[in-house]
Amino acid sequence: MRSIVLAHCYFLLSLTVFCGLAHAEESTTYDDSILLWHNTDTGKLYYWLLNAQGELATAMAGTSGLVSDTQVLPEGWQIEREMQFDGETILFVRNIESGMVGFWRIGSDGTLVTGTLEVVSNDLTISAADWSLVGAVVVGEAPLLFWQKGDSTELRVWRLTEYCALIDTVEASGWGEVAPDEEVRSPWRALTVSVKNDEPYVWWRNLDNGRVSYWKLDAEGLFLESTEGANWGWVNGDEPLSSAWSFVDVMTINDIQTLCWRNTESGQVVYWPLDDDNSLQSSASGSDWGYVSNTALSAEWTSAGGFYLYDMPALLWFNQSTGKAVIWLLNDSDQLDSWNWVYSNSVSSQWELLHMDQ
């Protein structure tokens with residue numbers, strides 16, 4: 001599945017950390033997975049189409065190029081997030097000063113479907129200084145955008161039409177508070193929003209005590225009640241998660257929602273497969289969590305998220321000092337099966353990679 005969620009990270013990779021891993025074999029079959037790049041000097045967007053092993057398909061014409069010959073990210077706008085919808089990638093952007101939200105529709109060939117930047121709403125804006133876009137998902141056939149205010153549990157949902165325009169500017173119809181009856185708490189960081197069986201989930205992390213929790217929402221993006229276990233719960237119980245652990249992504253693997261984390265001090269990457277109630281049952285390694293790989297990633301590495309490549313879960317990493325990217329292909333046990341360089345050459349520093357998402 002193609003994707004892009006933004007992560008303003010530059011390009012990364014180090015050969016030494018992958019010694020001893022099985023290198024993926026070459027493949028001549030190609031998926032519709034796309035890496036998108038943004039040139040910070042010119043504002044241009046570039047695409048790479050990947051093969052089944054996560055490599056740039058350099059041998060085939062049309063597997064890389066400009067998303068548009070004419071469209072660039074306008075000055076004063078920032079890339080926010082992507083969403084997969086109706087066979088297209090919707091790339092959301094926002095004007096930093098006005099708070100206006102726009103989007104580009106990108107086809108499976110990596111190029112623009114329409115030749116212009118479209119606007120979600122001409123009337124409703126949202127401050128870039130106060131609100132961050134933490135989720136862009138599709139529930140059924142309805143696109144939803146989720147905005148978090150600061151590091152608090154104040155969440156707002158925008159409901160879009162099939163053309164990615166705001167349904168209307170009336171509160172409770174086109175947009176609204178996700179949990180209007182709940183007390184606003186902080187400091188909580190919304191990690192992301194995921195969808196399983198057409199049900200959206202908001203994943204939270206407490207910045208003080210390291211506890212991880214979730215909210216289960218309805219199809220309109222609303223948190224209906226605060227009964228523990230029904231619509232919210234603790235993922236890691238009373239066990240704190242230290243600040244050394246950074247969130248990588250949440251993926252549905254074997255119909256199980258799985259959280260991935262990376263320790264910024266040790267470089268280890270771990271997975272948390274969750275129960276039906278979205279809790280981590282045990283802290284024992286190998287029973288309810290484990291290491292994705294014995295390989296430790298150096299501090300130069302940055303995560304660009306998780307996605308699916310021919311239905312195989314994959315994690316993408318970058319090394320800023322080398323300007324290269326690598327992909328980890330995972331097996332059914334959430335562990336590293338093989339790895340591959342996305343491209344044998346380096347990418348110059350003015351290009352930033354947009355984060356992959358499932």
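Heads up: numbering here begins at 1 and tracks the sequence.
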Got a donor-acceptor contact below 3.5 angstrom from the [X] side chain to the [Y] backbone?
X: S173; Y: V170; answer: no
X: T63; Y: L49; answer: no
X: D198; Y: G140; answer: yes
X: Q257; Y: P273; answer: no
X: K196; Y: D255; answer: yes
X: R81; Y: L145; answer: no
X: T116; Y: E118; answer: no
X: Q148; Y: A190; answer: yes
X: D275; Y: D277; answer: no
X: N197; Y: E199; answer: no

Would you check if [X] and [Y] make a side-chain contact, meaning some heavy-atom pair closer than 4.5 Å?
X: W188; Y: D151; result: no
X: L336; Y: Y291; result: no
X: V138; Y: V195; result: no
X: L259; Y: V235; result: yes
X: T252; Y: T258; result: no
X: Y47; Y: T111; result: yes
X: V270; Y: R262; result: no
X: T153; Y: R185; result: yes

For E154 and S152: C-alpha separation, side-chain torsions, deciding distance, then whether side chain to side chain donor-acceptor pair (under 3.5 Å) applies. CA-CA 5 Å; E154 186 172 352; S152 75; 4.6 Å; no
**Prompt:** side chain to side chain donor-acceptor pair (under 3.5 Å) between S121 and D123: does it pass, once the steps are laid out?
**Reply:** CA-CA 5 Å; S121 174; D123 302 311; 4.9 Å; no
Could you tell me whether [X] atom [atom1] has more than 12 heavy atoms of other residues or ligands within 6.0 Å of it?
X: D276; atom1: CG; result: no
X: D332; atom1: CG; result: no
X: N294; atom1: CG; result: no

field: Whether W272 and W261 hold their rings parallel, tilted or perpendicular, with breakpoints at 30° and 60°
entry: tilted
- request: Name the orientation class of the two ring planes belonging to Y201 and Y214 (parallel below 30°, tilted from 30 to 60°, perpendicular beyond 60°).
  value: tilted
Which heavy atom of [X] sits nearest to which heavy atom of [Y], and what is that distance?
X: S246; Y: T264; value: OG-CG2, 3.8 Å
X: M83; Y: P143; value: CE-CB, 3.7 Å
X: R94; Y: I126; value: NH1-O, 3.2 Å
X: D41; Y: N39; value: N-OD1, 2.8 Å
X: W131; Y: L155; value: CZ3-C, 4.5 Å
X: I106; Y: V113; value: C-CG2, 4.0 Å

Tested for ring-ring contact (aromatic ring centres under 6.0 Å, His included) against W215, the lone hit among F146, W232, W203, F223 is F223
- Does the side chain to side chain contact (heavy atoms under 4.5 Å, CB included) test come out yes or no for S132 and W147, once each step is laid out? CA-CA 5 Å; S132 57; W147 306 90; over 6 Å; no
Could you give the distance from [atom1] ([X]) to [atom2] ([Y]), rounded to the nearest 0.5 Å?
X: E183; Y: D181; atom1: CD; atom2: CG; value: 12.5 Å
X: F307; Y: I34; atom1: CZ; atom2: CD1; value: 11.5 Å
X: N236; Y: R211; atom1: CG; atom2: CZ; value: 7.0 Å
X: T169; Y: N122; atom1: OG1; atom2: CG; value: 11.0 Å
X: L316; Y: T302; atom1: CG; atom2: OG1; value: 11.0 Å
X: W245; Y: C260; atom1: CH2; atom2: SG; value: 11.0 Å

Under a single-linkage definition using a 4.5 Å side-chain heavy-atom cutoff for Ile, Leu, Val, Met, Phe, Trp and Tyr, are I167 and V101 assigned to the same hydrophobic cluster?
-> no
Going only through I, L, V, M, F, W and Y residues with side-chain contacts under 4.5 Å, is there a path from V72 to L112? no
_Please determine whether side chain to side chain contact (heavy atoms under 4.5 Å, CB included) holds for the pair V248 and W317, giving the CA-CA distance in whole Å, both sets of side-chain angles, and the decisive distance to 0.1 Å._
CA-CA 10 Å; V248 175; W317 306 96; 4.2 Å; yes
task: Begin with the C-alpha distance, continue with both residues' side-chain angles, and end with the deciding distance and a verdict on side chain to side chain donor-acceptor pair (under 3.5 Å) for N340 and E55.
output: CA-CA 7 Å; N340 217 332; E55 302 166 307; 3.3 Å; yes
Across all chains, not counting sequence neighbours, the salt bridge (Lys or Arg N to Asp or Glu O under 4.0 Å) partners of E177 are R156
S348 and Q350 side chains, donor-acceptor separation under 3.5 Å
yes
Requested in this report: Examine the side chains of Q335 and N331 and answer whether a donor and an acceptor come within less than 3.5 Å of each other.
Outcome: no
Paired with T89, the side chain to side chain donor-acceptor pair (under 3.5 Å) test is passed by just one of E82, R105, Q84, namely Q84
The complete set of ring pair (Phe, Tyr, Trp, His ring centres under 6.0 Å) pairs with one or both residues in residues 76-105, sequence neighbours excluded, reads none
Note to self: Could you walk me through whether Q53 and L329 satisfy the side chain to side chain contact (heavy atoms under 4.5 Å, CB included) test, starting with their C-alpha distance in whole Å, then the side-chain angles of each, then the deciding distance to 0.1 Å, before giving a yes or no?
What the structure shows: CA-CA 8 Å; Q53 301 299 334; L329 302 176; 3.4 Å; yes
Please report the C-alpha distance between V157 and R159 in whole Å, then the side-chain angles of each, then the deciding distance to 0.1 Å, and finally whether the side chain to side chain contact (heavy atoms under 4.5 Å, CB included) criterion is met. CA-CA 6 Å; V157 59; R159 304 179 186 95; 3.8 Å; yes
